Amino acid sequence: MDVERTPMTLPRVAEMSAAGEPIVMVTAYDYPSATIAEAAGVDLVLVGDTGAMTVLGYDSTVPVSMEEMLVLARAVRRGLRTPLMVGDLPFGSYERSNEQAIESAQRYVKEAGCEAVKLERGGVSVDRARAIIRAGIPVMGHVGLTPQTASQLGGYKAQGRTAERATQIAEEALALQAVGCFAIVFEAVPAAVTAALVEKLEVPVIGIGAGPADGQVLVFHDLLGIYDGRVPRFVKRYAEARREMVEGVSRYAAEVRSRRYPQDEHTYRVDPEELESFRRYLDQESLASSAWDW
Ligand code: KIV
């Protein structure tokens, strides 16, 4: 018997973390990916700015706008019922001022039905997180490899491999926790650094390439093998969906070209008398001449 799942809440996320129950988060960017996340029973869905690359075809997360993210988030909302929905604040939508950050976060809530937002880095982002939380919107932090500012970090590589950088990550995470973030994503951080920090943090740590933590997040297109770009070493493929999709469309193309599709079972019927009457209409002399009469 299917147990009816109740919508995920922030207190439930905290409870899961306190009880040592792993938290499952996945990204989604449209209605089908949202319905798949819903059916699979994940706890949290992130409308990640990785959608810039996976569905919009940009070569990084930097160019995607708030308007574009809202289109994706609204589609995800239509497909989601139980997971908690988090909107990822894109680069340039929150850094300038607390007012800008609150406005962007409110747009996710009001225009797309998000329950929380995520922002990247410590520093000024800590002030932005505090302001958004004070405005009544829950915030998830994100430290370690922060793709929006990857060039400042020397590219897409693991972070926290020196004591100095691990200390910076710790300071950022503690500051984000202190201003009230309900969870923090750790991306591309050595497992031992994550383990040491999880001990010191009260809020759940959601890892991606960060070893075991309170929860895990993966990019939908990476875990299902839909995205054919370069994927980081921490990605585990749970399916090869792109291969299947390419094979399916290729078979369709081949069948159209060889006239094996469509077959009788793919067509609609019409009453023979109606067809006959229609044919009589087409056979009219006047119809043939009227075709050139303009
Ligand atoms: O945008 C995204 O998908 C993310 C995850 C990698 C955490 O930020």
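Every number for a ligand or one of its atoms is a count from 1 in the order of the listing. As the structure is a prediction and not an experimental result, all values here were calculated from the model. Atoms considered below: every heavy atom in the structure, side chains included; atoms not considered: hydrogens, waters and symmetry mates.
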Quiz item: Would you call V198 and D214 a side-chain contact if the rule is heavy atoms closer than 4.5 Å?
Solution: yes
Practice problem: List the steps and the verdict of ring pair (Phe, Tyr, Trp, His ring centres under 6.0 Å) for H142 and F186. | Solution: CA-CA 6 Å; H142 182 157; F186 275 35; 9.5 Å; no
Quiz item: When you check the side-chain N and O atoms of R5 and T82, is any donor under 3.5 Å from an acceptor?
Solution: yes
Self-check item: Any N/O pair D49/ligand 1 closer than 3.5 Å
Solution: yes
Quiz item: Is it the side chain, the backbone, both or neither of L46 that has a heavy atom closer than 4.0 Å to ligand 1?
Solution: side chain
Quiz item: Can E68 and S65 be counted as having a side-chain donor-acceptor contact under 3.5 angstrom?
Solution: yes
Quiz item: Are any of the N/O atoms in E187 less than 3.5 Å from those in ligand 1?
Solution: no
Quiz item: Is it true that the side chains of T27 and Y29 contain a donor and an acceptor less than 3.5 Å apart?
Solution: yes
Practice problem: Identify, by atom number and element, the atoms of ligand 1 in contact range of H142, meaning under 4.0 Å from any of its heavy atoms. | Solution: 8 (O)
Exercise. Flag T50 as yes when one of its N or O atoms lies below 3.5 Å from any N or O atom of ligand 1, and as no otherwise.
Key: yes
Practice problem: May I ask you to list the atoms of ligand 1 that are less than 4.0 angstrom from any heavy atom of G48? | Solution: 1 (O), 2 (C), 3 (O)
Quiz prompt | Sub-4.0 Å heavy-atom approach of K118 to ligand 1 | solution = yes
Exercise. Report the part of I208 in contact with ligand 1, treating N, CA, C, O as backbone and CB onward as side chain, heavy atoms under 4.0 Å; options are side chain, backbone, both, neither.
Key: side chain
Quiz item: Within the structure, does E120 bring an N/O atom to less than 3.5 angstrom of an N/O atom in ligand 1?
Solution: no
Quiz item: Heavy-atom distance under 4.5 Å between the side chains of E247 and R243, does that happen here?
Solution: yes
Quiz item: Atoms of ligand 1 less than 4.0 Å from D88 heavy atoms?
Solution: 1 (O), 2 (C), 8 (O)
Quiz prompt | Ring geometry between Y252 and Y261 (parallel below 30°, tilted from 30 to 60°, perpendicular above 60°) | solution = perpendicular
Practice problem: Determine, for E103 against K110, whether the closest basic-nitrogen to carboxylate-oxygen distance falls under 4.0 angstrom. | Solution: no
Quiz item: Which of the atoms in ligand 1, numbered in the order shown and given with their element, are less than 4.0 Å from a heavy-atom of T27?
Solution: 3 (O)
